[in-house]
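Throughout, a chain's letter reflects where its sequence line sits, starting with A, and its residues are numbered from 1.
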Amino acid sequence: MESAHAASLASRYDPASVEGRWVQEWAERPFRADPESGKPPFTIVIPPPNVTGDLHLGHAFDNTLIDTLIRAKRMQGFEALFQPGMDHAGIATQVQVERALAAEGLDRHTLGREAFVERMWAWKERYGGVILGQLQRLGVSADWSRTRFTMDEGLSQAVRTQFVELYHRGAIFRGERIVNWDPASQTTLSELEVDREDRPGKLYTLAYTLEGGPVDGREAIEIATVRPETIFADQAVAVHPEDDRYAALVGRRVRIPLTDRSVPVIADAAVEREFGTGALKITPAHDQTDFEIGERHGLSRPTVIDTDACLFGELVPEAFRGMERFAAREVVVAALEESGALRAVRDHTVSLGFSQRTKVPVEPLLSLQWFYDPKDAAARALQALDDGEIRLVPERYTKVNRDWLERLRPWNVSRQLWWGHRIPAWYDPDGNVIVPARDDPHRDPTDDPRYAGVALTQDPDVFDTWFSSNLWPFSTLGWPDESDPFFRTFYPTDVLVTGYDILFFWVARMEMAAYEFTGTRPFHTVLLHGLVLDAEGQKMSKSRGNGIDPLELIDRYGADALRFAMAHVSTGAQDIRWDERRVEMGRNFVNKLWNAARFTLMQVGGDAEAVSVPARPTHLADRWMLSRLQAVTREVTGHLDAYDLGLAARTIYDAVWSEFCDWYLEAAKAPLKRGDDGTKVALKTALEGLLRLLHPLVPFVTSELWEALGHDGQIGLAAWPEVDPALHDPDAERDFERLRAAVIAARQLRAEANLSPAQVMPIHASGDDAAFLEREREAFESLARATLQAAPPTGAALTQPLPALTLALPFDGIVDVGEWRGRQEKRLAEARAERSRSAGKLANERFVANAPESVVEEERRRMGEAEALEAAIVSSLERVTSAP
RNA sequence: AGGCGCGUAGCUCAGUGGGAGAGCGCUACAUUGACACUGUAGAGGUCGGCAGUUCAAUCCUGCCCGCGCCUACCA
């Protein structure tokens with residue numbers, strides 16, 4: 001690559017002109033992971049984005065955190081693998097393609113399955129992977145040569161192996177259960193694909209007449225329902241077993257309104273006595289709770305709503321057949337009213353499920369599907385959480401993870417889609433299920449001599465997408481081929497980074513699958529982050545249209561600015577309310593860094609070897625800066641190790657801006673002007689240390705600057721800074737604080753005297769620290785833009801008293817001392833308050849007896865300092881008052 | 001109904017059992033050869049409320065008020 005030169009560094013950092021070549025570099029020559037390197041491996045698999053998805057802020061956030069960890073580990077000597085890839089996202093993708101077809105006046109059924117799947121692949125080739133290119137613009141250092149897709153050959157084999165194995169273990173079965181049915185896309189949905197929303201509805205009270213005459217004078221039992229159109233599938237009326245109101249009715253039969261059918265009154269503890277009338281109609285085929293009650297009581301489960309969400313079947317009076325469910329409700333209610341069975345209607349909020357993709361209300365429907373009952377796997381995963389084999393960060397989410405594993409129900413894994421992994425199950429003419437053999441899962445039964453001559457038909461359905469993404473941490477690494485070098489070296493992976501919102505759906509499933517198939521944990525740490533909300537605190541979503549385009553932000557501010565902003569605000573899985581000012585902060589910070597490096601280059605040149613004298617620093621500022629660098633290195637490294645990227649970012653932000661730029665660079669200017677080699681070395685050392693600490697967060701600008709500084713290899717492959725204890729210098733840190741306090745005091749004098757920054761101030765120092773200041777004269781004079789005077793001012797002077805130092809600035813009497821006096825009096829009041837507070841504490845014997853010695857000692861020190869300051873201010877005020 | 005989180009400067013947010021911070025905004029001054037995406041000096045907060053524990057509470061405990069999220073078989 002062409003090297004940048006110091007002279008060519010613009011005075012303002014322009015991300016657009018820098019990032020492009022690095023994006024290209026990292027895409028064409030990715031950071032490849034070598035399973036044979038012998039270095040300790042460190043692996044993170046990407047939470048696979050939807051193949052036809054676009055980068056949104058959630059992805060940007062997630063991948064920033066992942067890449068920061070990966071880049072840091074790589075520099076720390078690990079063989080770091082950032083495993084990239086995509087998910088086929090069954091229904092989401094299929095719905096998109098079906099929409100495109102509809103625009104052409106086609107649908108998948110007229111096209112036929114084979115042609116449709118071809119269209120799907122064509123779509124995938126065209127739009128799939130766009131998001132990977134977008135991630136590259138974020139600067140993600142994934143090993144792009146290993147990009148995987150859930151429907152790749154190898155990963156498909158993994159899915160098939162999973163199914164066949166679980167089937168033969170008896171964990172997978174085919175049966176009828178209540179599923180979330182999407183009448184628009186004609187498929188079942190996972191809970192994740194259903195959005196729950198509260199909607200205004202009605203609660204209807206219906207009278208079911210008792211057969212065989214009144215009991216205790218009651219002719220009917222009144223039930224409460226929000227779905228009167230389902231009464232035709234009723235199989236019972238249930239009451240609570242301990243409900244005295246209905247005890248006498250249990251065992252009797254009641255007649256369903258508008259029909260000739262009667263059903264029994266049963267007792268079940270699932271009924272809430274307080275709700276409605278305390279009596280519940282049981283419709284096992286159209287409600288999850290009813291299904292479960294029906295199971296307990298051996299009720300049959302007739303269906304009256306079909307897959308188009310219309311009433312159908314013999315049980316439905318002919319007048320209502322074929323009517324859509326909501327239309328039917330109105331008509332049925334009218335008929336009920338007519339018949340006198342409708343006793344009451346009141347407003348009632350109902351929680352309704354909507355298909356995330358089609359926005360249509362989901363119908364709970366009894367359906368013959370494939371189910372996976374993962375209770376054994378869940379038990380193992382729970383054990384892992386209890387034993388700490390898998391750790392969640394923040395820790396409190398462990399409980400959420402556990403809760404979900406404990407309450408698992410059989411998971412519906414089949415989907416009535418054409419896009420996905422076809423279920424490897426066949427049926428013979430008698431309806432017997434034939435699944436490939438356990439020891440040869442990839443041979444279709446149609447190729448198996450044992451079934452020669454049998455007419456086998458394959459199940460038309462495909463698997464739920466989660467039934468492949470649960471294998472992601474190892475299917476991407478080669479499993480089921482356990483001899484794959486990547487699987488052997490990089491599995492188990494290390495950290496999983498994802499939003500807490502898919503802890504249930506994805507994380508828990510990966511945990512279960514990993515123990516089931518690899519016998520080990522899939523990762524040791526789950527790092528959960530919050531969600532990116534819009535400025536009003538609402539979740540961003542396509543339907544709300546409140547999303548923010550990360551690419552547009554990258555165009556305007558640069559990828560580093562976005563990354564830095566994201567890392568900076570990540571704390572403890574708190575949601576992030578979007579605020580563009582933070583990206584501005586990132587941009588400004590990157591520009592600051594750029595300019596600090598530009599200055600350094602002007603001083604030391606762009607030849608890496610030119611200044612390499614391994615001298616111990618001698619100047620106070622050099623000693624201070626290098627000592628601070630050690631502390632910052634230790635802190636940043638520690639924060640990264642603790643997965644606290646927010647703290648890491650904030651720590652280094654302060655180090656760069658408030659220490660390196662504001663103080664060190666300014667203090668270094670005077671020696672640099674003299675050509676001081678020691679300072680040149682220190683300057684370059686400090687900058688390069690900071691650049692390396694920063695690289696994982698802001699890879700573009702640091703790569704560019706590293707190159708400009710004359711290094712051959714990229715900074716992404718440079719070694720992480722190590723703490724050098726020999727450079728730890730507490731004396732220098734303390735002395736520099738003294739210097740800093742003196743400089744600030746002098747600047748305050750300048751402001752109070754209304755002197756322009758350009759004007760050099762004659763300053764006289766007295767007090768215990770005066771000799772120290774004399775020793776650091778060059779730095780003080782340069783930083784304060786002052787000249788230290790040997791003799792005290794003869795005439796009127798403004799003074800700035802500190803505990804161990806008083807600075808005096810002569811003034812000509814034109815200056816209004818009122819402002820100065822006001823400020824000093826305020827400081828005096830503060831010093832007095834401080835002194836009396838400390839005195840009060842120290843006079844409290846319980847404080848002295850109970851508080852740690854160090855705290856008491858600190859309090860004494862404070863008190864002494866407050867006294868000294870108070871005395872100095874008093875004396876200053878007297879002198880000015882008495883001045884001519 | 002249960003669980004979790006949040007309430008700190010005008011705004012967006014960090015933070016800790018021992019005199020509260022950042023970014024932006026605000027006031028004043030400044031273009032001294034790194035940087036106006038800047039510098040210097042400032043103003044601004046009874047850390048949601050009430051009790052309790054403690055020598056010491058913004059931080060721990062309890063209750064209350066407000067906001068948000070997630071689970072759940074209230075039809």
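Across all strands, A/N591 comes closer than 4.0 Å to base atoms (heavy-atom distances). Nucleic acid contact class of A/V855 (heavy atoms, under 4.0 Å, all strands): base. Residue A/D662 is in sugar-phosphate contact alone, with no base atom involved, counting any heavy-atom pair closer than 4.0 Å across all strands shown. Across all strands shown, A/K399 has heavy atoms under 4.0 Å from sugar-phosphate atoms exclusively, and none from any base. Contacts of A/R12 with the nucleic acid, taken as non-hydrogen atoms under 4.0 Å apart, include base atoms. Among the atoms of the strands shown, none is found under 4.0 Å from any heavy atom of A/R402. Using a 4.0 Å heavy-atom criterion, one finds that A/H568 contacts no nucleic acid atom at all. Across all strands shown, A/E292 has no heavy atoms under 4.0 Å from either base or sugar-phosphate atoms. Within the 4.0 angstrom heavy-atom criterion, only backbone atoms of the sugar-phosphate kind lie near A/K826; the bases stay farther away. Contact annotation for A/R273: no contact, since no heavy-atom pair falls under 4.0 Å across all strands. Residue A/Y653 is in sugar-phosphate contact alone, with no base atom involved, counting any heavy-atom pair closer than 4.0 Å across all strands shown. Among the atoms of the strands shown, only primed sugar atoms or phosphate atoms (P, OP1, OP2) are found under 4.0 Å from some heavy atom of A/R747.
At least one side-chain nitrogen or oxygen of A/R598 sits closer than 4.0 Å to the OP1 or OP2 atom of B/C35. For A/Q748, a side-chain nitrogen or oxygen approaches OP1 or OP2 of B/G42 to under 4.0 Å.
Contact check on A/E688 versus A/K684 returns a salt bridge, with a Lys/Arg side-chain nitrogen under 4.0 Å from an Asp/Glu carboxylate oxygen. By the 4.0 Å N-to-carboxylate-O rule, A/R227 lies close enough to A/E363 to be salt-bridged with it.
The cationic atom of A/R12 (NZ for Lys, CZ for Arg) does not lie both less than 6.0 Å from the six-membered ring centre of A/W594 and within 45° of the ring axis. A cation-pi arrangement is present between A/K669 and A/F599 under the rule of less than 6.0 angstrom and at most 45 degrees off the ring axis.
A stem is defined here as three or more consecutive Watson-Crick or G-U pairs, each with both distances under 3.5 Å; for RNA chain B these stems are B:1-7 with B:65-71, B:10-13 with B:21-24, B:26-30 with B:38-42, B:48-52 with B:60-64.
In terms of polar N and O atoms assigned as donor or acceptor, the side chain of A/R846 never comes within less than 3.5 Å of the base of B/C55 in a complementary pairing. On a pure distance criterion of 3.5 Å, no polar donor-acceptor pair joins the side chain of A/R750 and the base of B/U40. Counting atom types as modelled, A/R396 pairs no side-chain N or O with a base atom of B/C4 as donor and acceptor under 3.5 Å. In the interface, the side chain of A/E666 is paired with the base of B/A34 through a donor and an acceptor atom under 3.5 Å apart.
In this model, a donor atom of one side chain and an acceptor atom of the other lie less than 3.5 Å apart for A/D14 and A/S17. For the residue pair A/H240 / A/D268, no side-chain donor-acceptor distance below 3.5 Å is found, with atom types taken as modelled. Using modelled atom types, one finds a donor on one side chain and an acceptor on the other under 3.5 Å when comparing A/Y208 with A/D234. No side-chain N or O of A/Q824 forms a donor-acceptor pair with one of A/R821 less than 3.5 Å apart.
Using atom P as the reference point in both B/U61 and B/C4, the two lie 12 Å apart (nearest Å). The P atoms of B/C50 and B/C59 are separated by 12 Å, rounded to the nearest whole Å. Taking the P atoms as reference points, B/A41 lies 15 Å from B/C24, given to the whole Å. Separation of the P atoms belonging to B/C65 and B/G49 is 15 Å when rounded to the nearest angstrom. Between B/C55 and B/U40, the two P atoms lie 45 Å apart (nearest whole Å).
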